[in-house]
Amino acid sequence: MINLRPPTSPAVNPGSSHRFRQQRQVGLLLLGTGALYTALYSSNRLPTRWTCPLLALTGLPCPTCGLTRSLAATWRGDWVKAVQFHVFGPPLFTIGLAIGLVWLAELWRQRSLLPWRSLVRHSWLPLLVVLLLYYSTRLWWSWQAGLWPPPWAIAPL
């Protein structure tokens, strides 16, 4: 059976340091800020919406173009539209929610529950490769569908 009470003695648990708590609190603050931005974006309560600088400069969407709209659609529960905007939106939303819950549990228990350094060290490169493959596929499909040639592709130079 799982003991949900926090440990009574910090000397028994080396993970209860001030730095540990501060890292989790900052992480929760960042996740909460992202969640708040997504909620405001999905409800159209933001005064202005950001434009992708790469798209504005080159006419090419960046690898994360559509991700904010996908997260907002996921927030509203519109999973089909979320996947249409960006396929990584629903998984990123779910992972963010799970990480937030784990960090809350870690703050409560005052110890790390997962090997975070090992997870990050072994997962960032495969995730980057998958994102770039998805991005390349999106660009190719858009080109084949005739949705764009970017301005630089039809420039007279």
Side-chain angles (χ1 to χ4, degrees), residues 2 15 19-109 111-157:
I2 297 174
R19 183 171 178 224
F20 172 82
R21 284 189 9 244
Q22 189 177 27
Q23 287 174 344
R24 295 308 180 268
Q25 289 168 346
V26 168
L28 286 170
L29 179 66
L30 290 173
L31 282 173
T33 302
L36 179 63
Y37 179 80
T38 301
L40 290 173
Y41 186 93
S42 84
S43 66
N44 293 321
R45 291 196 175 136
L46 290 176
T48 60
R49 294 189 178 198
W50 294 44
T51 305
C52 176
L54 185 66
L55 182 63
L57 288 173
T58 65
L60 287 172
C62 73
T64 60
C65 269
L67 193 55
T68 303
R69 288 174 288 165
S70 179
L71 290 170
T74 305
W75 183 274
R76 290 189 308 269
D78 191 352
W79 293 84
V80 173
K81 196 162 264 301
V83 171
Q84 288 173 350
F85 284 132
H86 200 290
V87 83
F88 282 113
L92 186 62
F93 184 87
T94 306
I95 289 169
L97 184 62
I99 287 173
L101 292 174
V102 169
W103 282 348
L104 281 172
E106 287 180 347
L107 280 172
W108 176 258
R109 300 283 308 226
R111 68 181 179 91
S112 185
L113 299 175
L114 292 174
W116 292 106
R117 288 183 187 188
S118 177
L119 285 171
V120 170
R121 188 174 340 137
H122 292 96
S123 63
W124 75 268
L125 186 59
L127 290 174
L128 180 64
V129 168
V130 169
L131 176 65
L132 291 177
L133 285 172
Y134 171 68
Y135 174 60
S136 301
T137 305
R138 269 178 85 181
L139 286 179
W140 185 79
W141 278 342
S142 297
W143 185 271
Q144 293 299 316
L147 296 177
W148 56 272
W152 55 266
I154 56 174
L157 299 176

Heavy-atom side-chain proximity of W79 to P90 below 4.5 angstrom: yes
Spacing of CG belonging to L31 relative to CG belonging to L36, to within rounding of 0.5 Å: 12.5 Å
Any P61 side-chain heavy atom under 4.5 Å of L139 side chain: yes
Reported CG-to-NE2 distance for the pair L127 and H122, which is rounded to 0.5 angstrom: 13.0 Å
Value rounded to 0.5 Å, distance of CD1 in I95 from CZ in F88: 9.5 Å
Main-chain N/O of P63 paired with H86 side-chain donor or acceptor, under 3.5 Å: yes
Atom pair CD (Q84) and OG (S70), whose distance is rounded to the nearest 0.5 Å: 10.0 Å
Distance in Å, L28 CG paired with E106 CD, rounded so as to fall on 0.5 Å steps: 9.5 Å
Expected output: side-chain S123 to main-chain L119 donor-acceptor under 3.5 Å: yes
Heavy-atom closest pair, residues G89 and L71: O-CD2, 3.4 Å
CG on L133 to CG on L128, rounded to 0.5 Å: 9.5 Å
Heavy-atom closest contact (C65 atom, R138 atom, distance): O-NH1, 3.0 Å
Shortest non-hydrogen separation from V87 to Y134 and the atoms involved: N-OH, 3.1 Å
